[in-house]
Amino acid sequence: MKKSNFDVVVIGAGPAGYVCAIRCAQLGLTVACVDAWSDKNNKPSPGGTCLNVGCIPSKALLDSSHHYSFLTNYAAVHGITTKECDIDIAKMLQRKNKIVKTLTTGVKGLLKKNKVTFVHGIASIKSAKEVHITKSDGDQVLVAESIVIATGSKPLELGFLSVDQKQIIDSSAALELGKVPGHLGVIGAGVIGLEMASVWSRLGAKVTIWEAEDQFLPMVDKDVAKQASKIILSQGFDVQLNSKVQAVIKNKKSVTVTVLGAEGESQTEVDCLLVAIGRVANTENLGLSDLGLAQDSRGFVEVDAQWKTNIEGIYAIGDVIGGAMLAHKGSEEGVAVAEQLTNQHGHVNYAAIPWIIYTWPEIAWVGDTEQQLQIDNVDYKTGSFPFTALGRARAMGDTEGMIKFIADANTDRLLSVHIIGPSASELIAEAVVAIESELTAADLARTIHGHPTLAEGMHEAALDLDGRAIHY
Ligand code: FAD
Ligand code: NAI
């Protein structure tokens, strides 16, 4: 069997793995990156969940469905009327697939440019220095000084339900529906549930979401969650809180869902049922238990503050170690591990990781919620600004939502920012820079923002922390 030697073997070419591999190569290490993902033609498709069935395809469909929703519901107020507005789902999916293809090809190119050896196959770890690859064109052994596990995550399944990807689906199949379902049922009002509900309800599906918790968006700041439940839930999908799916029966053309809710048991017939109740570590095929590599009770690989596992020379990053299961968190861990491996001080500031939910309006935040600061007995002050008072938001016709700043009452240091509104996903970047740089509210209040922009709302919310907002 062919044997090759490297300084580092990275297993997984998702945003954690491929970024780690590139950074290792930039720092002068010899690197192999192994990934098992294949496209429909059995060709390698690096980029992981994020590029193939996650961040990118979901945003492509969110953007397409947003344009349709704009034309059918909002264009008229701009003086734009359309005689006919049709949806061609096949074309929409083709566009999405083309974007995925372009970006996965781009990752292949980036790995090549950085002289990372890409290996398409399934990896299993035989020892702290040896990775066995099962490949279609002959197995291979990679020998390495260090191994980085970046094998990501997969959907959590409900014990009594088996996903058939036709009537009962997970997020990957929800990105591939060939037609708009008449009635889409969703289990879980989390990030995937809300984003997929947004896509298909904008395109005309009736959507019902059953959520086990008794609060809508419990991880979000309470003021944002309050506005979200008012704005987002008026957009045509029904979220039933405190609702536990008890049984699911597959009929010939529909699915009957039995739910125990606040008002007792009820049955709903849907065309298709999406299960979106969270994700779990993907450690299949790696041979971790034979190695004795420590995993927590939920299967996530256990690591220390330098992403070292309990086995010398083996590291883990990204979704497979849990925490915030976000592409940018995994990528930063990838960079940090590469820097640790070359005796630098790779570090991730977990307090400055932005979260974004791509509903419309978007929801974005960085730092603790007000309710968490109360639990932690932090002495804080808040400032906020509504989009309705912003000239640019008025010009766009997107006036719903607000920006909320929280700063330390004694030091004025910015602690967190919570946004619900147009382009929240872009606006939050300023807050991340401010928190990463330990800026005070006064620093932001002093910063000149262009006019007319949505970013002026960030300025005004910072001013409002000291009761100085000008336009509200
Ligand atoms: P992954 O991206 O899962 O990559 C792991 C790779 O390892 C895969 O390519 C897999 O094939 C490979 N692999 C696994 N086992 C082996 C093996 N034994 N041998 C070889 N290869 C192996 N996050 C965001 O930040 N923003 C978003 O907008 C966003 N949207 C999302 C939408 C959806 C529908 C989903 C499902 C997720 C979304 N996420 C989003 C989450 C994001 O996709 C993940 O956090 C991210 O992909 C994790 O990166 P990773 O590199 O750790 O793992
Ligand atoms: P999630 O953790 O965001 O939400 C799951 C929801 O399902 C929770 O509200 C939970 O209370 C509920 N739930 C769990 N069991 C249930 C049950 N039996 N019945 C009813 N409800 C139940 O997980 P989700 O949406 O699957 O997404 C997984 C992860 O993927 C996210 O946590 C996030 O890290 C990542 N992601 C990120 C996106 C982004 O950054 N925009 C987009 C999509 C996914």
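Start at 1 with the first residue, then count along the sequence.
- Side chain of T82 to backbone of E84: no donor-acceptor contact under 3.5 angstrom is found.
- A distance of 11.0 Å separates OG1 in T359 from NE2 in H66, rounded to the nearest 0.5 Å.
- Side-chain contact, D376 with Q372: a donor N or O sits under 3.5 Å from an acceptor N or O.
- Put simply, the residue from D464, T382, D221 that forms a side-chain hydrogen bond (donor to acceptor under 3.5 Å, both in side chains) with K404 is D221.
- Residues M92 and D88 are not in side-chain contact: their nearest non-hydrogen atoms beyond the backbone lie 4.5 Å or more apart.
- The local environment of NZ in K206 is sparse, with at most 12 non-hydrogen atoms from other residues, nucleotides or ligands closer than 6.0 Å.
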Please assess N310 against E302 for the test side chain to side chain donor-acceptor pair (under 3.5 Å), listing each intermediate value before the final yes or no. CA-CA 8 Å; N310 63 319; E302 286 185 353; over 6 Å; no
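- Side-chain contact, N251 with T256: a donor N or O sits under 3.5 Å from an acceptor N or O.
- Checked options D271, T268, T208; the residue passing with H183 is T208 (criterion: side-chain hydrogen bond (donor to acceptor under 3.5 Å, both in side chains)).
- Side-chain atoms of Y380 and Q374 form a donor-acceptor pair, as typed in the model, at a separation below 3.5 Å.
- Looking at every heavy atom in both residues, S243 comes nearest to V259 through CB-CG1, 3.6 Å.
- One finds the CG atom of L454 at 8.0 Å from the CG atom of D398 (value rounded to the nearest 0.5 Å).
- Between L103 and V100 the shortest side-chain heavy-atom distance does not fall below 4.5 Å.
- The aromatic rings of W365 and W355 lie parallel to each other, their planes meeting at an angle below 30°, with 60° marking the opposite boundary.
- Checking side-chain atoms of Q371 against main-chain N and O of V220 turns up a donor-acceptor pair under 3.5 Å.
- The main-chain N or O of K43 is never found under 3.5 Å from a side-chain atom of N41 such that the two would form a donor-acceptor pair.
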Apply side chain to side chain contact (heavy atoms under 4.5 Å, CB included) to D223 and E370, showing your working. CA-CA 9 Å; D223 290 330; E370 185 171 353; 3.9 Å; yes
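- A donor-acceptor distance shorter than 3.5 angstrom exists from the side chain of T104 to the backbone of K101, with no hydrogens or angles considered.
- Under 3.5 Å, the side chains of Q165 and D170 contain a donor-acceptor pair of N or O atoms.
- At distances below 3.5 Å, not a single donor-acceptor pair connects side-chain atoms of K135 with backbone N or O atoms of H120.
- Nearest heavy atom pair, residue N282 against residue V320, reads O-CG2, 3.9 Å.
- Checked by atom type, the side-chain pair R202/T72 shows no donor-acceptor distance below 3.5 Å.
- In K308, the NZ atom is not crowded: 12 or fewer heavy atoms of neighbouring residues, nucleotides or ligands sit closer than 6.0 Å.
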Check the pair W210 / L241 against side chain to side chain contact (heavy atoms under 4.5 Å, CB included), numbers first and verdict last. CA-CA 6 Å; W210 295 285; L241 299 174; over 6 Å; no
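- Taking both residues in full, the closest heavy atoms of I87 and L203 are given as CD1-O, 3.4 Å, listed atom of the first, atom of the second, then distance.
- Side-chain contact check for V148 versus V9: every heavy-atom pair is 4.5 Å or farther apart.
- Contact detail for A441 and A462: the closest heavy-atom pair is O-CB, 4.0 Å.
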When you look at S124 and N285, which way does the side chain to side chain donor-acceptor pair (under 3.5 Å) test go after all the steps? CA-CA 6 Å; S124 62; N285 305 311; over 6 Å; no
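- Here OG of S171 is found 11.5 Å from CD of E176. Values are rounded to the nearest 0.5 Å.
- S153 and D319 form a side-chain donor-acceptor contact under 3.5 Å, judged by distance and modelled atom types alone.
- Taking the side chain as every heavy atom from C-beta outward, C20 and I317 approach each other to under 4.5 Å.
- In this structure, the side chain of W200 engages the main chain of A174 through a donor-acceptor pair within 3.5 Å.
- The distance from atom NZ of K329 to atom CD1 of I321, rounded to the nearest 0.5 Å, is 4.0 Å.
- The closest side-chain donor-acceptor pair between Q246 and T258, if any, does not fall under 3.5 angstrom.
- Side chain of Q235 to backbone of W360: a donor-acceptor contact under 3.5 angstrom is found.
- Residues H78 and F70 place their aromatic rings such that the two centres sit under 6.0 Å apart.
- No side-chain donor-acceptor contact under 3.5 Å links Y350 and E332.
- Of the candidates D39, N52, T105, N52 is the only one forming a side-chain hydrogen bond (donor to acceptor under 3.5 Å, both in side chains) with S45.
- Here the closest heavy-atom approach between residue L217 and residue A225 is recorded as O-CB, 4.0 Å.
- To the nearest 0.5 Å, the span separating CD1 on I11 from CD1 on I125 amounts to 4.0 Å.
- Side chains of M196 and V186 form no contact here, defined as non-hydrogen atoms less than 4.5 Å apart.
- Judged by distance alone, the side chain of E195 and the main-chain N or O of Y358 form a donor-acceptor pair under 3.5 Å.
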Between E284 and K154, is a salt bridge (charged side-chain N to carboxylate O under 4.0 Å, His left out) present by the stated rule, with each step listed? CA-CA 10 Å; E284 264 170 56; K154 59 186 179 182; 2.7 Å; yes
Criterion side chain to side chain contact (heavy atoms under 4.5 Å, CB included) on I122 and I133, from CA distance to verdict: CA-CA 5 Å; I122 300 170; I133 317 294; over 6 Å; no
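- A donor atom on one side chain and an acceptor atom on the other are found under 3.5 Å apart for S416 and H418.
- When side chains are defined from C-beta on, I356 does not count as touching I363, because their heavy atoms never get closer than 4.5 Å.
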Assess whether side chain to side chain contact (heavy atoms under 4.5 Å, CB included) is satisfied between Q167 and K253, documenting all intermediate values. CA-CA 8 Å; Q167 286 174 289; K253 290 200 165 159; 5.9 Å; no
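- Taking every heavy atom of both residues into account, A434 and L414 meet most closely at CB-CD2, 3.7 Å.
- Side chains of N242 and E213: no donor on one and acceptor on the other come within 3.5 Å.
- Inspection of the R394 and T399 side chains reveals no N or O donor paired with an N or O acceptor under 3.5 Å.
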